[in-house]
Amino acid sequence: MAQRPIAVLGECVADAFADTSRPRPGELALRVMPGGGPANTAVALARLGTSTRFLGRISADPFGDLFRTHLASSGVDLTGVVAAPEPSTMAIATFDAQGQARYSFHAQATADWQWTDAELAAAHSEDAACLHTGSLALVREPGGERIEHLLAQARADATISIDPNVRPLLVDPRIYRARLAHWCTLTDILRLSSDDLELLMPGVTPEHACDTWHLAGVRLVVITLGARGAVASLDGVRVHVPAPPVEVVDTIGAGDSFTAGLLHRLSLAGRLGGRLDGLTTDEVSDACHYAARVAALTCSAAGPNPPWAHQLDAGPAVATH
């Protein structure tokens, strides 16, 4: 029987970087790549071989054309995309010595957040085994609350996955904290980074955070820890996964790729489509080890450029270069 698709709901963002290859006096050249957490996750899922549908509002401007081409060329189904009249969202990235990105956003009244109930109803299809969302889409109005309502409806037929992907320069972390408890009542899988954790629950250990979110209703919590790997907790039973060795170019899209690897592997195990019934810690460990390899390969390339399935099939190790 064919696997049911995974639907990914959220934003596309034009990720811009200073291009220093051909500097000219008095100018700043920018290199623009298609990005945005949910779009990155959709691309990574499709490249891994999962049938993936993107639900998003994409502008008719040149950045929107870039997004559509990128998604479609990676094998993402665009039938859930709304042609939006508003402009695209842009993020300008700078990097520290470890390749960690920091962003400034240009996101006021852009296409990604202007969902109507009618658009969401038309975009969503009940055949999806999993509906993944998060990042700015869940906290930017007017679309955020409407997406929450869709998640509540979609739970009848699909596993729900959320990645908060906190962006403190654009949205006050207090807004995420205020809404996180409600998200926990809607989601089956919560994937976030250690940076997200520090913003959401300052000073709290990953283990304590997992227990808190289990009590709120989440069955599977996965916290990625950068070079220290990841910790996953299924109903309170922990799995620790190391990060594969890799020469980091930058970390853009690594967390999104980890989420894609996790969902891809859970889909292959037949665990998506409900409340993770029958999921075992061995399956969680397998999915997280696979996801860590997907994230590591993403770190070895510039920008949000996740690997294709054949790159993971080449062997268990991640080569450095």
Handout entry: Residue pairs, two or more places apart or on separate chains, that pass side-chain hydrogen bond (donor to acceptor under 3.5 Å, both in side chains) and touch residues 30-39
Key = none
Exercise for the section: Apply the test side chain to side chain contact (heavy atoms under 4.5 Å, CB included) to residues Arg68 and Asp65: give CA-CA distance (whole Å), side-chain angles for both, the deciding distance (0.1 Å), then the verdict. Expected result: CA-CA 5 Å; Arg68 288 183 181 86; Asp65 294 340; 4.1 Å; yes
Handout entry: Side-chain touch Thr41/Pro38, heavy atoms, less than 4.5 angstrom
Key = no
Handout entry: Any residue meeting ring-ring contact (aromatic ring centres under 6.0 Å, His included) with Tyr176, in chain and number order, not counting sequence neighbours
Key = none
Completion exercise
Contacts of Arg47 meeting salt bridge (Lys or Arg N to Asp or Glu O under 4.0 Å) (sequence neighbours excluded), chain-then-number -> none
Completion exercise
Heavy atoms of Asp256 and Arg191 approach each other most closely as N-NH2, 4.1 Å
Exercise for the section: Check whether Ile252 and Ile92 end up in the same hydrophobic cluster, where Ile, Leu, Val, Met, Phe, Trp and Tyr are linked by side-chain heavy atoms less than 4.5 Å apart. Expected result: no
Practice task
May I have the step-by-step check of side chain to side chain contact (heavy atoms under 4.5 Å, CB included) for Ile189 and Ile162, ending in yes or no?
Solution key: CA-CA 6 Å; Ile189 302 169; Ile162 289 178; over 6 Å; no
Fill in the blank from the handout: Between the CZ atom in Arg4 and the OG atom in Ser125, the distance rounded to the nearest 0.5 Å is 9.5 Å
Practice task
Decide yes or no on side chain to side chain contact (heavy atoms under 4.5 Å, CB included) for Leu263 and Thr50, but give the supporting numbers first.
Solution key: CA-CA 9 Å; Leu263 296 178; Thr50 291; over 6 Å; no
Completion exercise
Closest non-hydrogen contact found for Arg146 with Thr116 is NH1-CA, 3.8 Å
Exercise for the section: Go through the structure and list residues passing side-chain contact (heavy atoms from CB on, under 4.5 Å) with Thr212, not counting sequence neighbours. Expected result: Met201, His208
Handout entry: Heavy-atom neighbours of Glu27 CD exceed 12 at 6.0 Å
Key = yes
Practice task
Answer yes or no: are there more than 12 heavy-atom neighbours, outside Glu126 itself, under 6.0 Å from its atom CD?
Solution key: no
Completion exercise
Note: Val239 and Thr281 closest approach over all heavy atoms is CG2-O, 3.9 Å
Handout entry: Donor on one side chain, acceptor on other, Arg167 and Ser135, under 3.5 Å
Key = no
Exercise for the section: Taking the side chain as every heavy atom from C-beta outward, state whether Leu150 and Leu9 have any atom pair closer than 4.5 Å. Expected result: yes
Practice task
Find the distance between NE2 (His289) and CZ (Arg265) and round it off to the nearest 0.5 Å.
Solution key: 11.5 Å
Handout entry: Asp211 with Arg238: basic N within carboxylate O range, under 4.0 Å
Key = yes
Problem - For Gln311 against Leu297, the heavy-atom pair lying closest together - result: O-CD1, 4.2 Å
Handout entry: Hydrophobic cluster membership, Trp115 vs Phe67, 4.5 Å side-chain cutoff
Key = no
Problem - Verify same cluster id: Met33, Leu66 (apolar side-chain graph, 4.5 Å) - result: no
Problem - Path from Val13 to Leu78 over hydrophobic side-chain contacts below 4.5 Å - result: no
Completion exercise
Phe63 meets the ring-ring contact (aromatic ring centres under 6.0 Å, His included) criterion, sequence neighbours left out, with none
Exercise for the section: State, yes or no, whether a side-chain contact exists between Leu151 and Leu138 at a heavy-atom distance under 4.5 Å. Expected result: yes
Handout entry: Value rounded to 0.5 Å, distance of CD in Glu141 from CD1 in Ile175
Key = 8.5 Å
Problem - Validation row: Val43, Leu71 side chains within 4.5 angstrom (heavy atoms) - result: yes
Handout entry: Note, Ser59 side chain near Thr110 side chain (heavy atom, < 4.5 Å)
Key = no
Exercise for the section: Taking the side chain as every heavy atom from C-beta outward, state whether Leu131 and Leu55 have any atom pair closer than 4.5 Å. Expected result: yes
Handout entry: Spatial distance of atom NE2 (His132) from atom CD1 (Ile6) [nearest 0.5 Å]
Key = 9.5 Å
Handout entry: Arg174 atom CZ: more than 12 heavy-atom contacts under 6.0 Å
Key = no
Problem - Check: Ser193/Asp196 side-chain N/O donor and acceptor closer than 3.5 Å - result: yes
Problem - From CD1 (Ile160) to CZ (Arg155), nearest 0.5 Å - result: 7.0 Å
Handout entry: Heavy-atom side-chain contact between Pro5 and Asp127 under 4.5 Å
Key = yes
Problem - Exercise: identify the closest heavy-atom pair between Phe54 and Val81 - result: O-CG2, 3.7 Å
Practice task
Using a strict cut-off of less than 4.0 Å between a Lys/Arg side-chain nitrogen and an Asp/Glu carboxylate oxygen, indicate whether Glu86 and Arg57 qualify as a salt bridge.
Solution key: yes
Practice task
May I ask you to check whether Ser233 and His214 show a side-chain donor-acceptor distance below 3.5 Å?
Solution key: yes
Practice task
Count the heavy atoms belonging to other residues, nucleotides or ligands that lie under 6.0 Å from NE2 of His149, then report whether that count exceeds 12.
Solution key: no
Exercise for the section: Check salt bridge (Lys or Arg N to Asp or Glu O under 4.0 Å) between Arg140 and all other residues, then give those that pass, not counting sequence neighbours. Expected result: none
Problem - Beyond-backbone contact of Leu200 with Leu192, side-chain heavy atoms, under 4.5 angstrom - result: yes
Problem - Cluster check Leu279, Leu262: I/L/V/M/F/W/Y, side chain < 4.5 angstrom - result: yes
Exercise for the section: Please name the pair of heavy atoms, one in Ala269 and one in Glu283, separated by the smallest distance, quoted to 0.1 Å. Expected result: CB-OE2, 4.3 Å
Practice task
Examine the side chains of Thr159 and Asp188 and answer whether a donor and an acceptor come within less than 3.5 Å of each other.
Solution key: no
Practice task
Mind checking the SG-CG spacing from Cys184 to Leu190? Nearest 0.5 Å is all I need.
Solution key: 5.5 Å
Handout entry: Leu220/Leu266 under side chain to side chain contact (heavy atoms under 4.5 Å, CB included): CA gap, chis, key distance, verdict
Key = CA-CA 12 Å; Leu220 177 60; Leu266 294 178; 4.2 Å; yes
